[in-house]
Amino acid sequence: MPTLGLDLVEDILELKRTRNAVILAHNYQVKEIQDIADFVGDSLGLSYQAAKTDADVIAFCGVHFMAETAKIVNPTKKVVLPDLDAGCSLSESCPADKLAAYLEAHRDQNYYVVAYINCSAGVKALSDVICTSGNAVKIVQRVPADRNILFVPDQNLGAWVMEKTGRKMELWKGNCYVHVEFTRSSIERIHAEWPDAPVVAHPECTFAVRLLADEVCSTEKMITYCRESPAEAFIIVTESGMLHRLRREIPGKTFIPGPTDQCACADCRFMKMNTLEKLHDALLNLEPEIIIPEPIRARAELPIRRMLEWSA
């Protein structure tokens, strides 16, 4: 087994070449994985990359639902996830069987289901269209005006979309455990230390935190906002991995991690389960592999394709 360092990186790059693989990394991955990836981005960006890659193998460094999304739109490619246990508290808050039961119990509502991409393949298969934090407003605006909307699974993102669009929606009671740990008091304290630094928050944060933000946006929009803003320092209120990408792509500015009431350590325990060693083993052994039953995969592909069309 290689030791951590240059040899391991070189071995991963060699395996990538021999396997004809592409390495995709979410913004919340550890910096070592971000630095070796072919593409680093948010869920929508990675969905696009997964859809257009000509690689035989997709090594998806993120969490389970993201690797599932790559498999859904690339059924003939092998998709591996470095750690199969890299799940998501938000995705797990909306199991497919509970959503199916809810829809059956409320058939009279004729819901148009808008599902945040942070959900399982089973939930996607029950949905009409998928969205990300970056395109959720645009997607909801495209939903037929005569349909009732059920937005799953993130109630904070859904509430923010309602604020932006004025469109009434039923919200599933789910959230990201990392983003709800930010509080009004914790952000007020850090802003008092950096009064000239704009607060940039992810829409998965609570309403109280979003009220304090100068900009509420997806991780990808954070790059654009911070690059174009005249400010020299920013308070970033999202998962800690985003700080590495911001510092790498905008080296002349200062990025302060938004703290919780306990610490400035907003690490997602699921995102941080992937490591260089696990990525190496996944490319070497071509496992853990993401397998989705074809009926579910085919049904789940429809709302993803609709998202890609509507957000183009």
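Because only heavy atoms are used, hydrogens play no part in the values below, and waters and symmetry mates are left out as well, while side chains stay in. Note that the numbering runs from 1 along the sequence shown for the chain.
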Review point. Does the pair Leu13 and Glu10 meet the rule for a side chain to side chain contact (heavy atoms under 4.5 Å, CB included), with working shown?
Key: CA-CA 5 Å; Leu13 294 176; Glu10 290 177 348; 5.7 Å; no
Practice item. Begin with the C-alpha distance, continue with both residues' side-chain angles, and end with the deciding distance and a verdict on side chain to side chain contact (heavy atoms under 4.5 Å, CB included) for Leu150 and Leu99. Key: CA-CA 10 Å; Leu150 174 64; Leu99 175 58; 3.8 Å; yes
Exercise for review: Check the pair Glu215 / Lys221 against salt bridge (charged side-chain N to carboxylate O under 4.0 Å, His left out), numbers first and verdict last.
Suggested key: CA-CA 10 Å; Glu215 180 71 12; Lys221 179 67 184 299; 3.3 Å; yes
With distance as the sole test, does [X] use its side chain to make a donor-acceptor pair with the main-chain N or O of [Y] at under 3.5 Å?
X	Y	answer
Asn135	Cys131	no
Glu287	Glu289	no
Arg167	Gln141	no
Arg299	Ser127	yes
Thr165	Val161	yes
Lys71	Thr76	no
Asp154	Leu157	yes
Thr53	Gln49	no
Arg19	Leu284	yes
Ser229	Cys226	no

For the atom pair [atom1] ([X]) and [atom2] ([Y]), what is the distance rounded to the nearest 0.5 Å?
X	Y	atom1	atom2	value
Asn118	Cys88	CG	SG	5.0 Å
Asp281	Leu15	CG	CG	9.5 Å
Arg248	Gln34	CZ	CD	5.5 Å
Leu90	Asn175	CG	CG	7.0 Å
Lys278	Leu283	NZ	CG	14.5 Å
Gln155	Tyr116	CD	OH	13.5 Å

Please report the closest heavy-atom contact between [X] and [Y], naming both atoms and the distance.
X	Y	result
Tyr177	Ser89	N-OG, 3.2 Å
Cys268	Val178	CA-CG2, 3.7 Å
Phe270	Asp85	CD2-O, 4.0 Å
Phe255	Ile250	CE1-O, 3.6 Å
Gln29	Gly62	NE2-CA, 3.5 Å
Leu103	Val113	CD2-CG2, 3.8 Å

Would you say the side chains of [X] and [Y] form a donor-acceptor pair under 3.5 Å?
X	Y	answer
Asn27	Thr219	yes
His179	Thr238	yes
Ser185	Asp261	yes

When the side chains of residues 193-203 are checked against the rest of the protein, which donor-acceptor pairs come out under 3.5 Å, sequence neighbours left out?
| unit_1 | atom_1 | unit_2 | atom_2 | d |
| --- | --- | --- | --- | --- |
| His202 | ND1 | Glu204 | N | 3.0 |
| His202 | NE2 | Ser133 | OG | 3.4 |

Exercise for review: Please step through side chain to side chain contact (heavy atoms under 4.5 Å, CB included) for the pair Phe234 and Ile256, ending with a clear verdict.
Suggested key: CA-CA 6 Å; Phe234 303 84; Ile256 304 107; 5.8 Å; no
If hydrophobic clusters are built from ILVMFWY residues whose side chains come within less than 4.5 Å, do [X] and [Y] share one?
X	Y	result
Phe65	Met273	yes
Tyr28	Val180	no
Ile292	Met66	yes
Val129	Val140	yes
Trp160	Leu212	no

Exercise for review: With Val152 as reference, evaluate Leu126, Val114, Leu171, Val123 under the side-chain contact (heavy atoms from CB on, under 4.5 Å) test and give the passing residue.
Suggested key: Val123
Could you tell me whether [X] and [Y] make a salt bridge, using a distance below 4.0 angstrom between a side-chain N and a carboxylate O?
X	Y	result
Glu249	Arg227	yes
Glu68	Arg297	no
Glu220	Arg245	yes
Glu163	Arg210	yes
Arg306	Glu309	no

Measure the shortest side-chain to side-chain distance between [X] and [Y] over non-hydrogen atoms and say whether it is less than 4.5 angstrom.
X	Y	value
Leu84	Ile290	yes
Leu279	Cys61	yes
Val237	Val209	yes
Leu276	Ile36	yes
Tyr111	Ile149	no
Val216	Lys164	no
Lys78	Asp56	no
Val22	Val57	no

Practice item. For atom NZ of Lys77, decide whether the heavy atoms of other residues, nucleotides or ligands shown that lie under 6.0 angstrom number more than 12. Key: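 Count over threshold, so yes.
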Practice item. Using the side chain to side chain contact (heavy atoms under 4.5 Å, CB included) rule, take Tyr48 and Ser311 through it: C-alpha gap first, then chi angles, then the decisive distance, then the call. Key: CA-CA 11 Å; Tyr48 276 124; Ser311 59; 3.3 Å; yes
Point to revise | Pair His244-Asp35, side-chain hydrogen bond (donor to acceptor under 3.5 Å, both in side chains): steps then yes or no | key: CA-CA 10 Å; His244 177 67; Asp35 290 343; 2.9 Å; yes
Exercise for review: Could you go through the side-chain hydrogen bond (donor to acceptor under 3.5 Å, both in side chains) check for Asp267 and Ser240 one step at a time?
Suggested key: CA-CA 5 Å; Asp267 294 341; Ser240 62; 2.3 Å; yes
**Study point:** Test log, rule salt bridge (charged side-chain N to carboxylate O under 4.0 Å, His left out), inputs Lys16 and Asp38
**Key:** CA-CA 10 Å; Lys16 185 183 78 166; Asp38 296 291; 2.7 Å; yes
